Amino acid sequence: MQSSHAAAAVSSAFDDPNLIAYGGLEPVVRLAERCGLPALVGEYIRLPASKDGTGAFPAAKVMSLVGGMVAGADSIDDMHRLRHGAMGRLFSGVRAPSTLGSFLRSFTHGHVKQLHAVARRFLPELARHAPLLPGADQVAYVDIDDTIRRTYGYAKQGTGYGYSKVKGLNALLGIVSTPLAAPVIAATRLRKGPSNSARGAAAFVAETIRTARACGANGLLVMRADSAFYGADVVNSCRALGARFSITVRMNASVKAAIARIDEDAWMPIKYPKAVWDEEGQCWISDAEIAETGYTAFTSKPKKQQVTARLIVRRVKRLSTGTVPAGQGTLFDTWRYHAAFTDSPLSLNDAERDHRRHAVVEQVIADVKNSAFAHAPSGHFQANAAWLALAALAHNLTRAAGALAGTFHARATTATIRDHLINVPARLARSARRLTLHLPERWPWSTDFTQLFSIVHAPPAP
């Protein structure tokens with residue numbers, strides 16, 4: 001590729017009032033309206049009245065924030081992207097960034113809970129209007145994990161050094177997925193940076209499971225988590241709601257004793273389809289052995305809180321090439337063990353493989369942190385908590401748009417969906433009282449865009 005004209009023959013001017021940088025935002029906003037997001041916000045969010053009108057028209061402000069995030073905004077100032085060209089004619093009620101910032105700063109803990117209530121009801125509506133979780137009536141997974149959103153400076157409330165030794169805020173996410181579908185975010189919590197991972201985990205798990213059920217996950221539902229969430233309250237919360245659990249266990253004395261009782265003949269070799277990087281050994285692991293045994297957990301708790309289930313153990317050889325002379329093998333093998341506590345009804349092989357797929361939550365965390373939650377944009381803690389909840393709304397809305405567009409975009413990252421279907425330049429024209437979006441000729445993903453556009457503009461089913 002090269003320039004086709006001399007430099008002196010090319011000029012630029014920001015002077016066209018009919019252009020739009022985000023043509024794909026129109027069908028996405030239409031989808032949010034069809035799923036009732038503005039109505040839910042108007043029903044559940046009740047901000048106090050003020051002379052400057054900060055709490056007025058919450059639906060318009062939430063829709064502006066979510067629309068900006070879908071288009072790629074990751075800070076309050078980024079909301080300026082909604083106020084260019086013909087955006088004011090294509091959308092009404094777009095608010096200025098300063099207004100949106102004041103709106104977020106007016107949130108208290110109670111108002112953030114109201115926003116969570118909106119999110120819990122909006123996701124099932126998305127699932128009803130789009131093939132968001134295909135196969136959820138057969139098998140679905142709930143994955144819980146937290147992450148640190150790094151912050152800088154001293155002005156942000158709630159920041160501190162957590163388990164990662166990084167200064168920031170602690171974000172807890174609960175996601176729902178199926179073997180056929182990319183994950184969506186069912187619940188969020190923002191906590192202070194030094195918060196323990198398991199703080200409030202039982203209630204959070206229960207909320208995520210209830211949302212998954214509301215989305216149609218009426219078959220086998222398995223909650224997966226790492227060892228930070230290994231506790232009696234979390235496990236019993238799953239069982240009380242009819243969900244199964246699969247949680248990595250800490251290698252304490254009783255777990256080590258249970259593993260030692262496993263007969264050597266019980267170990268079954270497995271082969272990973274892809275090699276796995278082992279942090280402790282700093283090497284690639286391509287094979288392992290698995291076995292299982294019965295185990296009663298939480299024996300220090302009252303009898304009714306103790307749980308007896310399967311202990312699934314994976315072991316890999318502990319490689320110590322630095323201590324073995326060249327040309328010689330080890331005298332005997334030593335192993336490192338990784339155990340998961342589960343009541344999954346699947347076979348040993350399937351249950352162990354499914355537990356390793358808990359890593360899907362890391363993909364969601366990376367996706368969110370590379371988009372709307374790239375920053376915690378406010379100095380106010382509750383404003384950042386509301387921002388995280390809105391980022392989850394934008395993530396799910398983008399996922400639903402991708403699911404309606406086609407098979408490829410149903411499983412693509414939100415960044416890919418945004419590049420292919422949202423950030424499509426358009427020219428707005430009016431004729432015979434109709435608006436027409438003129439999009440680029442030979443756009444590579446025009447077929448998927450047209451399918452999404454047609455579905456969300458079709459008359460609603462009776």
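Bear in mind that the values here come from a model prediction, so they are computed numbers and not experimental data.
A donor-acceptor pair shorter than 3.5 Å can be found between the side chains of Thr108 and His111. A side-chain donor-acceptor contact under 3.5 Å links Arg121 and Tyr44. Between the side chains of His355 and Ser246, at least one donor N or O sits under 3.5 Å from an acceptor N or O. A donor atom on one side chain and an acceptor atom on the other are found under 3.5 Å apart for Ser347 and Asp350. Between Tyr163 and Asn170, the side chains place no donor N or O within less than 3.5 Å of an acceptor N or O (distance only, hydrogens not considered). No hydrogens or angles considered: nothing links the side chains of Asp367 and Thr413 as a donor-acceptor pair under 3.5 Å. Judged purely by distance below 3.5 Å, without hydrogens or angles, the side chains of Ser102 and Thr99 never pair a donor atom with an acceptor atom. Side chain to side chain, Asn18 and Arg89 meet the donor-acceptor criterion of an N or O pair below 3.5 Å. For the residue pair Asp146/Ser197, the side-chain donor-acceptor check at 3.5 Å is satisfied. Thr147 and Lys369 share a donor-acceptor pair across their side chains, judged by distance under 3.5 Å alone. Glu352 and His338 share no side-chain donor-acceptor pair at under 3.5 Å.
Between atom CZ of residue Arg128 and atom CZ of residue Arg34 there is a gap of 14.5 Å, rounded to the nearest 0.5 Å. Here the CE-OG distance, from Met87 to Ser92, works out to 11.5 Å after rounding to the nearest 0.5 Å. Interatomic distance, His375 NE2 to Asp77 CG, rounded to the nearest 0.5 Å: 10.5 Å. Once rounded to the nearest 0.5 Å, the distance linking CG of Asn396 with CD1 of Ile175 reads 10.5 Å. Within the model, atoms CD of Glu43 and CD of Gln114 stand 11.0 Å from one another, a figure rounded to the nearest 0.5 Å. Here the CG-CZ distance, from Asn196 to Phe229, works out to 8.5 Å after rounding to the nearest 0.5 Å.
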**Message:** Set out, in order, the CA-CA distance, both residues' side-chain angles and the distance that settles side-chain contact (heavy atoms from CB on, under 4.5 Å) for Phe298 and Val307, then state yes or no.
**Reply:** CA-CA 7 Å; Phe298 322 122; Val307 179; 4.2 Å; yes
**Request:** Could you go through the side-chain contact (heavy atoms from CB on, under 4.5 Å) check for Cys215 and Leu132 one step at a time?
**Result:** CA-CA 9 Å; Cys215 292; Leu132 202 57; over 6 Å; no
**Request:** Under the side-chain contact (heavy atoms from CB on, under 4.5 Å) rule, what do Glu362 and Ile365 come out as? Steps first, then yes or no, please.
**Result:** CA-CA 5 Å; Glu362 300 294 344; Ile365 289 173; 4.2 Å; yes
**Prompt:** Going through the distances and angles, do Phe381 and Phe107 end up as a ring pair (Phe, Tyr, Trp, His ring centres under 6.0 Å)?
**Reply:** CA-CA 9 Å; Phe381 179 83; Phe107 271 63; over 10 Å; no
**Request:** For Phe245 and Val222, run side-chain contact (heavy atoms from CB on, under 4.5 Å): C-alpha distance rounded to whole Å, both residues' side-chain angles, the deciding distance at 0.1 Å, then the answer.
**Result:** CA-CA 5 Å; Phe245 59 87; Val222 182; over 6 Å; no
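Pairing each heavy atom of Ile148 with each of Gly168, the nearest pair is CG2-CA, 4.1 Å. Scanning all heavy atoms of the two residues, the minimum distance from Met79 to Ser64 falls at SD-O, 3.8 Å. Of all heavy-atom pairs between Arg213 and Gly242, the closest is NH2-O, 3.0 Å. In plain terms, the two heavy atoms of Ala400 and Ala130 that are nearest each other are O-CB, 3.9 Å. Ala86 and Ile20 make their closest contact through CB-CG1, 3.9 Å (heavy atoms, listed as atom of the first residue, atom of the second, distance). Contact detail for Ala228 and Ala198: the closest heavy-atom pair is O-CB, 3.3 Å.
Between Leu220 and Pro345 the shortest side-chain heavy-atom distance falls below 4.5 Å. Annotation: side chain of Ser378 is not in contact with side chain of Leu104 (no heavy-atom distance under 4.5 Å). Looking at Arg310 and Leu348, their side chains come closer than 4.5 Å, going by heavy atoms from C-beta outward. Within the 4.5 Å cutoff, side-chain heavy atoms of Ser371 are placed close to those of Arg418. The shortest side-chain heavy-atom distance between Val62 and Phe103 falls under the 4.5 Å cut-off. In this structure the side chain of Pro97 reaches within 4.5 angstrom of the side chain of Arg83, judged on heavy atoms. With a 4.5 Å cut-off on side-chain heavy atoms, Arg224 and Val360 count as touching. Annotation: side chain of Thr208 is in contact with side chain of Ile144 (closest heavy-atom distance under 4.5 Å).
Of the listed residues (Trp445, Phe449, Trp443), just one forms a ring pair (Phe, Tyr, Trp, His ring centres under 6.0 Å) with His420, and that residue is Trp445.
A distance-only check finds a donor-acceptor pair linking the side chain of Arg244 to the backbone of Asp343 [under 3.5 Å]. Of the possible donor and acceptor atoms, one in the side chain of Asn236 sits under 3.5 Å from a partner among the backbone N and O of Ala232. Judged by distance alone, the side chain of Arg81 and the main-chain N or O of Ala71 form a donor-acceptor pair under 3.5 Å. Using modelled atom types, no side-chain atom of Thr248 and backbone atom of Asp226 make a donor-acceptor pair closer than 3.5 Å. A donor-acceptor pair is defined here as one N or O able to donate and one able to accept, closer than 3.5 Å; no such pair exists between the side chain of His409 and the backbone of Asp448. Using modelled atom types, no side-chain atom of Arg191 and backbone atom of Leu169 make a donor-acceptor pair closer than 3.5 Å. Remark: the backbone N or O of Pro134 is paired with a side-chain donor or acceptor of Thr178 at under 3.5 angstrom. The main-chain N or O of Ala412 is found under 3.5 Å from a side-chain atom of Arg399 such that the two form a donor-acceptor pair. With hydrogens and angles disregarded, no donor-acceptor distance shorter than 3.5 Å links the side chain of Arg105 to the backbone of His380. Without hydrogens or angle criteria, Gln451 side chain to Leu404 main chain gives a donor-acceptor distance under 3.5 Å.
Between Glu207 and Arg210 there is no salt bridge, since no side-chain nitrogen of the basic residue lies less than 4.0 Å from a carboxylate oxygen of the acidic one.
The local environment of CZ in Phe91 is crowded, with over 12 non-hydrogen atoms from other residues, nucleotides or ligands closer than 6.0 Å. Within 6.0 Å of atom OH in Tyr161, 12 or fewer heavy atoms from other residues, nucleotides or ligands are found, so the atom counts as exposed in its surroundings. When the shell of 6.0 Å around CZ of Arg250 is examined, it contains more than 12 heavy atoms from other residues, nucleotides or ligands.
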